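Not measured: the values here are computed from a predicted model. Below, chains carry the letters A, B, ... as their sequence lines are ordered, and counting in each starts from 1.
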Amino acid sequence: MQELIVLSGKGGTGKTSIVASLAQIFQDKVLADCDVDAADLHLLLHPTILEKKEFWSGKTAFLHPEKCIECGQCLDLCRFKAIQENFIIDKISCEGCGVCAYFCPQKAIEMQENMAGYLFVSTTSCGPMIHARLGTGEENSGKLVAEVRNRARQKAQKENLPLILIDGPPGIGCPVIASLAGAKSVLIITEPTLSGLHDLERVIQLAQHFQVQTFVCINKADLNPRQVKETIDHCTELGIKIIGQIPYDEEITKAQIAGQNIIEFNPQSLVAQEIKMMAQKLKEYLKI
Amino acid sequence: MQIAIASGKGGTGKTTIATNLAYFWQKQMKKKIVLLDCDVEEPNCHLFLKPTWHSSQKATAKIPSINLEQCTYCGKCSDLCQFGAISCLKDNVLVFPELCHSCGGCTLVCPTKAIIEVEKELGEIKIGAQDNLQIIHGYLKIGEPMSPPLIRKVKEQATQEDLIIVDCPPGTSCPVIEALKGSDFVLLITEPTPFGLHDLKLAVEVVRDLKIPFAVGINRSTLGNSALKDYCARENIPIILEIPHERNIAIAYSEGELLLKKFPQYEKNFAPLWSYIQEVISSCKN
C-alpha cells in the first residue's frame, strides 16, 4: 500500500480538480482529503457519510471568576496575551499551554478540552473517502491531518486497496508536513506564473527535506510559454520529472459548477485527455 | 489602522489585491503604507512590488534546553507540557522543537532550574521599500511547521500609527487568525465558482467570530455563475471590488506585473475602497 499526495504550495493551481479526476481514473484506492481547513474535494465527489467522529484536540483556559483574586500572576506568565487586564480570557489567543492554570494560586483556572472538528468516513462513486472539517479558527490542523491519514491507511489495509490518493493543503507549514511526511510520492500541481514557480521551489524543497519522490504537473500550461520553460528548466536541474502539462480550459470551471470532475463532465476535452495521459504515467511510475 | 486581505480558498487573488491596493493608496494619498506579507509559507508580494530590501533578520522562537547534570528526572516538565514537546525518561529528557509553542512552562516548573530557553530559527524577516510603500515579509524556514509565531513577529514590525495592509495566508485556521488579529477591516477575496463560494462561507464564519467588519472582493468576476452574488445579497455582505476574468490580466500576473501599472484603467475599481472602508470603521467605533 502506498500514499500519493497531491500538493501545490500556491493555492488555486487546480489541485482539487486534478485529484477528483485522478480519483475517477484510478481503480482500487482510498481517497483522503487532508485540506482540513478549506476542504473542497467533497464538492466534486459527493461523499455519502457513513461515520462522523468528533475530533477533540487541545485545550482552552477557562477562568472561574468566583475563585479569582485578580492577583495578576496569570497575566504576567501568559506569553500569548490571552488574559486581558479585566481577567477575561481571550479564547482566540489562548494556545492551551496550561501555564496560567498550573501557577494560579487559587486554582481558579481550569483547562477545558476543545471539540476542534469532525472526521468523516464516507463512500463515493470513486471508492472510500476519509475527510475532515476543522472548526474555524482552530489549531492542531496537523493532528487532524494525521488522523485522516491514519483512518485512510486502516481502510486501505482492511479493504486491501493498494493506493491512498491524498488531496493536500496549500502552503508548506504544519498541515502540509503532516500530509507529506512518510508518503511514498508527491505530485505537485503548479502554474506557469512567477508566483507559481516561486511557491513550487519552496514545496519541492520541502518534499526533498522529507525525501519524498516528486513529480510535477504544470496546469494552465498555455498561459505563459516562457514561465513554462523556466519551470521545466528548474525541475530538470533538480532531476524532477514533469509528468503532465494541462492547458487552461473553462470546461474545468463548468465541470466544477456541475459538481463533477472533468473526466465525467467532458471526457473528450483536451484537459481530460491530458489528465488521462498523466494518470497513465503515474500508474507506470508507481507500479499500480 | 490595519486592513487585512484574506480568503478561505488559496489562489483567489489575495496578493493581487493587497499589492495593488498598497500601490494605489500610496500613489493617491501620498501616505506611508506598510504592507505586511503574512503568508509566510508562500510569500509573494515582493514578486509584484519588487522592493529594494533594506534589512533582513533571523526570526527565532524560544525552546527548552536541558542541563542533564542538574536534572532530577522528576517529570514535572513533561507533565506540564500540553504539546508533547518535552518527554522525561528514566535517564534522559527529549525535546521535540517542532511541537514546542514557546509557552515557557517547562522552565518555570522545573524545580532544579535545569531548563533554560534557547532560540530556534523560525525563518527570516525582510524589510524593503518602494517609494512610500514599506514591505515587510516573513519567510518560513523549510520544514518548520508552525507559522503563527513568525506571523506574530512580522506584525510586530509595524506600529499602530501606520496604515497597514496585511496579506493573509489562505484557510481558516490558526495562521489566518494570527494574521487577522488587530485588524479594523477585512476584505475577503473570492471567485464566482463553487470552491470559491464554499470557502468564502468558511472565511465569513471566521471574521464574524472575530467580530471584524468585512466586505467581499470578487476576482475573475466574469467567470462561473451567480451563486456567489446571490449568497452575498442574502447575507447582506457588500461586494466592494470586482476584477474581471481576462486573459491579458492573467498573462500580466504570470509575468509578475502589477495590475494597475500595466492596466491603469482598473484604478477606478479600487478608487471607492478607501472612503468606504473609512466610513465602515468610523461607524463601528461610534
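With a threshold of 4.5 angstrom between heavy atoms, Lys10(A) approaches chain B through its backbone and through its side chain. Interface remark: Glu255(B) contributes backbone and side-chain atoms alike to the contact with chain A (heavy atom separation under 4.5 Å).
Atom-to-atom distance recorded for Leu210(B):CG and Ile92(A):CD1 is 4.5 Å, nearest 0.5 angstrom.
Counting heavy atoms from C-beta outward, Glu95(A) and His101(B) have side chains that approach closer than 4.5 Å. The side-chain heavy atoms of Lys181(B) and Ser93(A), taken from C-beta on, include a pair separated by under 4.5 Å.
Annotation: maximal heavy-atom pairing with chain B below 4.5 Å, among Leu223(A), Thr16(A), Leu134(A), Leu206(A), occurs at Leu223(A). Here His198(A) is the residue among His198(A), Glu250(A), Glu191(A), Lys254(A) with the most heavy-atom pairs under 4.5 Å with chain B.
At a threshold of 4.0 Å, the pair Glu41(B)-Arg202(A) does not count as salt-bridged, since none of the basic side-chain nitrogens sits closer than that to a carboxylate oxygen. Salt bridge Glu117(B)/Arg79(A): present, at least one basic N to carboxylate O contact under 4.0 Å.
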Contacts table for residues 168-177 of chain B: side-chain donor-acceptor under 3.5 angstrom, sequence neighbours left out:
residue   : atom : partner  : partner atom : Å
Thr172(B) : OG1  : Asp37(A) : O            : 3.2
Ser173(B) : OG   : Asp37(A) : OD1          : 2.9

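With Tyr248(A) as the aromatic partner, Arg247(B) does not meet the cation-pi criteria of under 6.0 angstrom to the ring centre and within 45 degrees of the ring axis.
Shown here are the side chain to side chain donor-acceptor pair (under 3.5 Å) partners of Ser254(B), two or more places apart in sequence or in another chain: Asn224(A).
Side chain of Gln256(A) to backbone of Phe195(B): a donor-acceptor contact under 3.5 angstrom is found.
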